[in-house]
Amino acid sequence: MRYLMVVSALFSSNLMADVFFKPLSVSDFDVISPAVIEFTIQSPEKYKNSKARMMVTEVDFEGLGMVRCEKQSNKDCQRLNDFIASAPVNIQLIKYNQSTAMFTGDILVNGDKLAHTMIKQGWYKFDYKTTRSKHLVLMQKQAMCKGLGIWQGKSTSLDTLCN
């Protein structure tokens, strides 16, 4: 299969203009780890069936981000797989990292950023080391106060924060 990450894509500004910063629809995906997902691009036609491996950013996976899904029965991988499979998905490529051979950008599941959903649902904390977004802080606080995901059962320590 062709990979979107072709060396010529790095040097041709015309080719880059076609793929970066534009929504791309995907037909299939493979959850490699909680932080890495490989997508099969459906459109534009020029890139049909090309693969794009993306890193989920803005989320603190606490060491679980690179644990490969096929090596163990991983509830985080299964939850992510079920969530992505449940709705239409588009991706928007913003940057390519040659050393990791991965793209970063936006993964939109049913129109919402995947990273934001992970934080809002309390799956993970936001990664304060890479972002200082006040929106992510508020999303995490709401998940904490509602006792969602990793915050479930921790309400006694959060009472002063939420009231």
Side-chain angles (χ1 to χ4, degrees), residues 4-5 16-70 74-97 100-155 158 161-162:
L4 188 60
M5 302 167 266
M16 287 175 63
D18 285 350
V19 72
F20 284 94
F21 303 103
K22 295 182 179 179
L24 305 169
S25 62
V26 298
S27 59
D28 196 19
F29 67 94
D30 183 25
V31 176
I32 308 298
S33 74
V36 179
I37 307 166
E38 186 173 86
F39 295 98
T40 303
I41 296 172
Q42 182 178 10
S43 69
E45 189 66 32
K46 185 177 189 176
Y47 301 106
K48 189 169 186 139
N49 296 325
S50 295
K51 304 267 185 192
R53 190 170 280 203
M54 293 188 71
M55 172 75 76
V56 178
T57 57
E58 301 178 329
V59 176
D60 181 1
F61 292 97
E62 296 181 340
L64 297 174
M66 295 313 230
V67 175
R68 295 188 64 84
C69 292
E70 66 268 1
N74 189 329
K75 69 176 179 62
D76 294 306
C77 293
Q78 188 60 49
R79 175 180 55 198
L80 182 56
N81 192 62
D82 293 346
F83 179 73
I84 294 173
S86 71
V89 177
N90 288 311
I91 60 174
Q92 186 173 357
L93 306 177
I94 295 176
K95 189 169 105 177
Y96 179 70
N97 184 328
T100 62
M102 283 190 260
F103 291 95
T104 55
D106 295 329
I107 301 169
L108 303 168
V109 180
N110 208 22
D112 294 325
K113 283 177 101 175
L114 177 61
H116 292 183
T117 300
M118 292 173 146
I119 295 165
K120 283 193 264 186
Q121 296 299 318
W123 296 359
Y124 305 101
K125 300 174 186 178
F126 83 96
D127 189 356
Y128 69 90
K129 295 173 191 161
T130 60
T131 182
R132 299 286 188 201
S133 168
K134 66 180 176 183
H135 300 293
L136 296 176
V137 172
L138 293 174
M139 285 179 205
Q140 181 171 304
K141 181 182 175 187
Q142 288 175 347
M144 292 167 75
C145 292
K146 291 178 182 176
L148 300 175
I150 60 174
W151 308 109
Q152 188 173 4
K154 297 183 180 180
S155 63
L158 299 173
L161 176 69
C162 300

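Everything quoted here is computed from the prediction, not taken from an experiment. The first residue in the sequence is number 1, and the count goes up from there.
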Once you round to the nearest 0.5 Å, how far does [atom1] of [X] lie from [atom2] of [Y]?
{"X": "Tyr96", "Y": "Phe20", "atom1": "OH", "atom2": "CZ", "result": "9.0 Å"}
{"X": "Ile119", "Y": "Asp60", "atom1": "CD1", "atom2": "CG", "result": "9.5 Å"}
{"X": "Met144", "Y": "Leu138", "atom1": "CE", "atom2": "CG", "result": "12.0 Å"}
{"X": "Ile107", "Y": "Gln92", "atom1": "CD1", "atom2": "CD", "result": "11.5 Å"}
{"X": "Ile41", "Y": "Tyr47", "atom1": "CD1", "atom2": "OH", "result": "8.5 Å"}
{"X": "Ile37", "Y": "Arg53", "atom1": "CD1", "atom2": "CZ", "result": "11.5 Å"}

[X] versus [Y], closest heavy-atom pair with distance:
{"X": "Val56", "Y": "Ala115", "answer": "CG1-CB, 4.2 Å"}
{"X": "Ser25", "Y": "Ser43", "answer": "OG-OG, 2.6 Å"}
{"X": "Cys69", "Y": "Ser33", "answer": "SG-CA, 3.6 Å"}
{"X": "Ile91", "Y": "Ala52", "answer": "CD1-CB, 4.3 Å"}

Handout entry: Results of side chain to side chain donor-acceptor pair (under 3.5 Å) for Asn97 - residues two or more places apart only
Key =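 Once residues adjacent in sequence are excluded, the partners of Asn97 under the side chain to side chain donor-acceptor pair (under 3.5 Å) criterion are Ser99.
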
Practice task
Under the side chain to side chain donor-acceptor pair (under 3.5 Å) rule, collect the residues that match up with Asp76, sequence neighbours excluded.
Solution key: Arg79, Tyr124

Can you find a heavy atom in the side chain of [X] that is under 4.5 Å from one in the side chain of [Y]?
{"X": "Val89", "Y": "Leu114", "value": "no"}
{"X": "Phe29", "Y": "Asn81", "value": "yes"}
{"X": "Glu58", "Y": "Met118", "value": "no"}
{"X": "Leu136", "Y": "Thr131", "value": "yes"}
{"X": "Phe39", "Y": "Lys51", "value": "no"}
{"X": "Lys125", "Y": "Trp151", "value": "yes"}
{"X": "Thr57", "Y": "Thr130", "value": "no"}
{"X": "Ile94", "Y": "Asp106", "value": "yes"}

Exercise for the section: For the pair Gln152 (side chain) and Gly147 (backbone), establish whether a donor and an acceptor sit closer than 3.5 Å, ignoring hydrogens and angles. Expected result: no

Practice task
For the pair Asp30 (side chain) and Ile32 (backbone), establish whether a donor and an acceptor sit closer than 3.5 Å, ignoring hydrogens and angles.
Solution key: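 Looks like no, no N/O pair under 3.5 Å.
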
Practice task
Would you please test Asn74 and Arg68 for side-chain contact (heavy atoms from CB on, under 4.5 Å) and show each step?
Solution key: CA-CA 9 Å; Asn74 189 329; Arg68 295 188 64 84; over 6 Å; no

Problem - Verdict with reasoning, Val36 to Met55, per side-chain contact (heavy atoms from CB on, under 4.5 Å) - result: CA-CA 5 Å; Val36 179; Met55 172 75 76; 4.2 Å; yes

Completion exercise
Across all chains, not counting sequence neighbours, the ring-ring contact (aromatic ring centres under 6.0 Å, His included) partners of Phe126 are none

Exercise for the section: Classify the ring geometry between Trp123 and Phe83 as parallel (under 30°), tilted (30 to 60°) or perpendicular (over 60°). Expected result: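 Correct class here is perpendicular.
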
Handout entry: Side-chain donor-acceptor pair present, Thr40, Ser27, cut-off under 3.5 Å
Key = no

Handout entry: side-chain contact (heavy atoms from CB on, under 4.5 Å) evaluation trace for Thr117 with Asn110
Key = CA-CA 11 Å; Thr117 300; Asn110 208 22; over 6 Å; no

